[in-house]
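These numbers come from a predicted model, not from an experiment. Index from 1, following the sequence. Side chains included, hydrogens not; waters and symmetry mates left out as well; all remaining heavy atoms used.
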Amino acid sequence: QVQLVESGGGLVQAGGSLRLACAASSPTFSTYRMAWFRQAPEKERELVAAINWNGGTTFYLDSVKGRFTISKDNAKSTVYLQMNGLKPEDTAVYYCAAGTLAGTVESVVRGRVDYWGQGTQVTVSS
């Protein structure tokens, strides 16, 4: 039972930046692989970025590669998603997810996550 709480969403103009944060209260957070998903209205949820337990391996959705950066601060039990050069098509609810069982970033890419946050809205205006 892991609780994840997202923050940092909001309204931003196209080309702007936001940093999302996802805090976990688990003392074993440092062992988790973490991910950010998003779901736009009338669209299916998609994986945006993922990171392994120590931050050494990452994955990015092609459309955000070079603009978004996922990072993990184990000392703060927090994962971040720095979003630069935001586009209207980035508008979505962004969800934090954790993989706590045996697995890798590749496991997350394949859909293996164990816990979800409540989501935070990101709206990018033209």
Quick one: pull up OH in Tyr94 and SG in Cys22 and give me the separation to the nearest 0.5 Å. 15.0 Å

Looking at Ser17 and Asn84, what are the two nearest heavy atoms and their distance? OG-OD1, 2.8 Å

Is Gln13 reaching over with its side chain to a backbone N or O of Ser125, donor-acceptor style, under 3.5 angstrom? no

Under the disulfide bond (SG atoms under 2.5 Å apart) rule, what pairs show up with a residue in residues 97-126, not counting sequence neighbours? none

So, does Gln82 use its side chain to make a donor-acceptor pair with the main chain of Thr69 at under 3.5 Å? no

Any sub-3.5 Å donor-acceptor pair from Glu106's side-chain atoms to Arg110's backbone N or O? no

With disulfide bond (SG atoms under 2.5 Å apart) as the rule and sequence neighbours excluded, what pairs involving residues 46-92 come up? none

Who are the side chain to side chain donor-acceptor pair (under 3.5 Å) partners of Asn74, not counting sequence neighbours? Lys72

Set out, in order, the CA-CA distance, both residues' side-chain angles and the distance that settles side chain to side chain contact (heavy atoms under 4.5 Å, CB included) for Thr91 and Gln121, then state yes or no. CA-CA 8 Å; Thr91 295; Gln121 176 70 47; 4.0 Å; yes

Partner set under side-chain contact (heavy atoms from CB on, under 4.5 Å) for Ala23, not counting sequence neighbours: Thr78

Only pairs at least two apart or in different chains count here, so list each disulfide bond (SG atoms under 2.5 Å apart) that has a residue in residues 23-91. none

Are any of the side-chain heavy atoms of Tyr32 and Val79 separated by less than 4.5 Å? no

The criterion is side-chain contact (heavy atoms from CB on, under 4.5 Å); which residues satisfy it with Asp73, sequence neighbours excluded? Ala75, Lys76, Tyr80

Other hydrophobic cluster members with Trp116, side-chain heavy atoms of Ile/Leu/Val/Met/Phe/Trp/Tyr under 4.5 Å, chained? Phe37, Leu47, Phe59, Val93, Tyr95, Val105, Val108, Val109, Val113

Any donor-acceptor N/O pair, Tyr115 side chain to Gln3 backbone, under 3.5 Å: no

Non-neighbouring partners of Thr31 that pass side-chain contact (heavy atoms from CB on, under 4.5 Å), sequence neighbours left out: Thr28

Using ring pair (Phe, Tyr, Trp, His ring centres under 6.0 Å) as the criterion, list what pairs up with Phe68, not counting sequence neighbours. none

Mind checking whether Met34 and Val122 sit in one hydrophobic cluster, side chains of I, L, V, M, F, W, Y counted as touching below 4.5 Å? yes

Does Leu18 belong to the same Ile/Leu/Val/Met/Phe/Trp/Tyr cluster as Val124, with side-chain heavy atoms less than 4.5 Å apart forming each link? yes

What distance separates Glu44 CD from Gln39 CD, expressed to the nearest 0.5 Å? 8.0 Å

Pro88 versus Ser126, closest heavy-atom pair with distance: CG-OG, 3.4 Å

With sequence neighbours excluded, residues passing side-chain contact (heavy atoms from CB on, under 4.5 Å) with Ser107: Thr104, Arg112

Give, for atom CD of Gln118 and atom OG of Ser7, the distance between the pair rounded to the nearest 0.5 Å. 13.5 Å

Which atom of Ala24 lies closest to which atom of Leu4, heavy atoms considered: CB-CD2, 3.6 Å

Sort and list the pairs that fulfil salt bridge (charged side-chain N to carboxylate O under 4.0 Å, His left out) and have at least one residue in residues 85-103, not counting sequence neighbours. Arg38-Asp90, Arg67-Asp90

Is the side chain of Arg33 donor-acceptor paired with the backbone N or O of Ala50 at a distance under 3.5 Å, no angle test? no

Separation of Leu81 CG from Leu20 CG (nearest 0.5 Å): 5.0 Å

Value for OG1 (Thr100) from CG (Asp114), rounded to nearest 0.5 Å, stands at 4.0 Å

With sequence neighbours left out, what residues match Arg45 under salt bridge (Lys or Arg N to Asp or Glu O under 4.0 Å)? none

